[in-house]
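Quick caveat: nothing in here was measured; it's all calculated off a predicted structure.
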Number of protein chains: 2
Amino acid sequence: MAEDPSGRQRMVAGAADMISRRGLNATSVRELAKHTKAPLGSTYHYFPGGKYDLATEAVRWADDLTMGVLTEELAAGPQAGLSAFLSLWRNIVLNSDFHAGCPVLAVSVEDLPEEHDTPRKAAAEAFQRWTSLLADSLRDAGAPADDAEQGATLIVAAVEGTVAMCRAQRSITPLDHVTAQLTQMIEKMLPELPPAARPATARRRKKTPRR
Amino acid sequence: MAEDPSGRQRMVAGAADMISRRGLNATSVRELAKHTKAPLGSTYHYFPGGKYDLATEAVRWADDLTMGVLTEELAAGPQAGLSAFLSLWRNIVLNSDFHAGCPVLAVSVEDLPEEHDTPRKAAAEAFQRWTSLLADSLRDAGAPADDAEQGATLIVAAVEGTVAMCRAQRSITPLDHVTAQLTQMIEKMLPELPPAARPATARRRKKTPRR
DNA sequence: GTCTATACGAAGATAGAC
DNA sequence: GTCTATCTTCGTATAGAC
């Protein structure tokens, strides 16, 4: 968990980044090895299943990273979680000057040969985990069960779609618009409360909040 | 506009479909020619700029198709337009058994070499056109200007993201959830009216409605 | 103008030297 | 165990025969 100097770990993170930029098909093992300063042959020592093993781990890596951020921030309620989720992708898009995005989305829109289907399955799992986490948080905060489930799905879908739109348009404006609307949506689906109050279920947090 | 038996037109539509399934990088000119029964050499006669010319036209083709559907159905108001927009992609996903999606999104998440950037620009334009059309319709129906603009962006982003989620999960459920939430969102942003009534601006339509 | 045959590079994957 | 050199397949693009 401390920094892992291992070439293996660097390759997984590097693959996630590269896939998020160019997609899975355009991410070659050759170039990845070069960028991460790992010898080409070692790749197949670390990842005997080759490119698709590597891609699957890259998707899981992004999944876990996102789950970590969401879990931590959702402790302070759905709005805080939404905000953190948005910031996560916002920073990735801006720091890469609109060149990087979400590797999970990238894998989801490339039809893979039937026998190398594990990256897509990992992507499906990631979306499911993010959605469930958000839905639970909305329910805990008092949203009706249907709205919680549907709203969580909308949040994940909208963020993924918006990141792609921002990249196409080379502008962060779509993300700002979506942020405003999703924030409104959550407000309307929660029971009305004075801004300071919070339902009891939302108060249990596991750690001290960040920052 | 009647059926075009031309090989050229078939290649553009075929490219749009293939890109929507596997992404731009995995769409080879070779295989496209084979699928559309056009000789490989002819491709470069029709599209002197090669693969990226072809991709750009494919994106514009999908753009125009979507604009046509949207323009026609939005004449009956924003809810009808949303519904048609959703159906369009829903049918594509279901008819392809979760293998096809939106070519505009596919192009948006693949970083292209700087010199072959036109497909991305065409994608940016497509998103912009769809968003503007929806925003205008929402404004005409009485939504506040900010909500109209932001809501239109959310609709486009959410639909694009949801199509990708459905493909990853091999399930149409996300699209159903998003449909419910977006429908609610539009209702809440429009002035309250008895279901039968309609603001005057939404009544002007250009053609007789289909079917 | 249409198409076949081919040039040339880069992809995934592996064999086998260190 | 690590890495280099190489095999095979497929990519884009073109040259030149009909």
Side-chain angles (χ1 to χ4, degrees), chain A residues 4-12 14-59 103 106-107 109-120 122, chain B residues 4-12 14-59 103 106-107 110-120:
Chain A
D4 189 339
S6 136
R8 203 197 132 92
Q9 190 67 10
R10 265 207 329 279
M11 290 198 86
V12 173
D17 178 65
M18 216 179 241
I19 290 171
S20 91
R21 291 172 188 259
R22 329 185 185 170
L24 177 50
N25 270 292
T27 297
S28 78
V29 177
R30 267 186 155 76
E31 211 169 344
L32 177 62
K34 177 168 285 186
H35 272 55
T36 58
K37 298 185 183 355
L40 177 59
S42 298
T43 308
Y44 294 89
H45 171 64
Y46 293 142
F47 308 94
K51 180 178 179 168
Y52 294 95
D53 269 17
L54 188 45
T56 305
E57 289 206 41
V59 170
V107 159
V109 299
E110 296 188 44
D111 222 27
L112 306 176
E114 171 112 13
E115 68 196 19
H116 295 306
D117 205 34
T118 48
R120 192 218 92 224
Chain B
D4 188 341
S6 135
R8 201 197 133 92
Q9 191 66 11
R10 266 207 328 281
M11 290 198 84
V12 173
D17 178 65
M18 215 178 238
I19 290 171
S20 90
R21 292 172 187 258
R22 330 184 185 174
L24 177 49
N25 271 292
T27 296
S28 79
V29 177
R30 256 189 162 79
E31 211 170 344
L32 177 62
K34 177 168 285 187
H35 273 54
T36 59
K37 297 181 186 351
L40 178 60
S42 297
T43 308
Y44 295 89
H45 172 64
Y46 293 142
F47 308 94
K51 180 178 178 167
Y52 293 95
D53 268 17
L54 187 44
T56 305
E57 289 207 40
V59 170
V107 160
E110 298 188 42
D111 223 27
L112 306 176
E114 172 111 15
E115 70 197 18
H116 296 306
D117 205 34
T118 48
R120 193 217 91 223

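- Taking 4.0 angstrom as the limit, B:His45 places none of its side-chain polar atoms (N or O) nearer than this to OP1 or OP2 of C:dG1.
- The side chain of B:Tyr44 lies closest to D:dT12, out of C:dA11, D:dT12, D:dT4.
- Closest of all the heavy-atom pairs between A:Val12 and A:Glu57 is CG1-O, 3.7 Å.
- Across the protein-nucleic acid pair, B:Tyr46 atom OH and C:dT2 atom C1' stand 8 Å apart, rounded to whole Å.
- C:dG1 atom P lies 20 Å from atom CG of B:Leu40, rounded to whole Å.
- Here D:dT12 presents its P atom at 9 Å from CG of B:Leu24, a figure rounded to the nearest Å.
- Electrostatic pairing of B:Arg120 and B:Glu114 does not count as a salt bridge here, judged by no charged N lying under 4.0 Å from a carboxylate O.
- In this structure, the nucleotide among C:dA13, C:dA7, C:dC3 sitting nearest to the side chain of B:Arg30 is C:dA7.
- OP1 or OP2 of C:dA11 lies within a sub-4.0 Å distance of a side-chain N or O belonging to A:Ser28.
- A straight line from CG of B:Leu32 to C1' of D:dT12 spans 13 Å, rounded to a whole angstrom.
- As judged by a 4.0 angstrom heavy-atom cut-off over every strand, A:Gly41 is placed among the base-contacting residues.
- Remark: A:Ser42 is in phosphate contact with D:dC3, judged by side-chain N or O atoms under 4.0 Å from OP1 or OP2.
- Regarding B:Lys34, its NZ atom lies at a distance of 10 Å from the P atom of D:dC10, rounded to whole Å.
- The NZ atom of B:Lys51 sits 4 Å away from the P atom of D:dT12 (whole-angstrom rounding).
- When all heavy atoms are compared, the tightest approach of B:Asn25 to A:Ala26 is ND2-CB, 3.4 Å.
- Summarising the geometry, the separation between NZ on A:Lys37 and C1' on D:dC3 is reported as 16 Å, rounded to the nearest angstrom.
- Annotation for A:Glu31 and A:Arg22: closest pair OE2-NH2, 3.0 Å, computed over non-hydrogen atoms.
- Summarising the geometry, the separation between OH on A:Tyr52 and P on C:dA13 is reported as 7 Å, rounded to the nearest angstrom.
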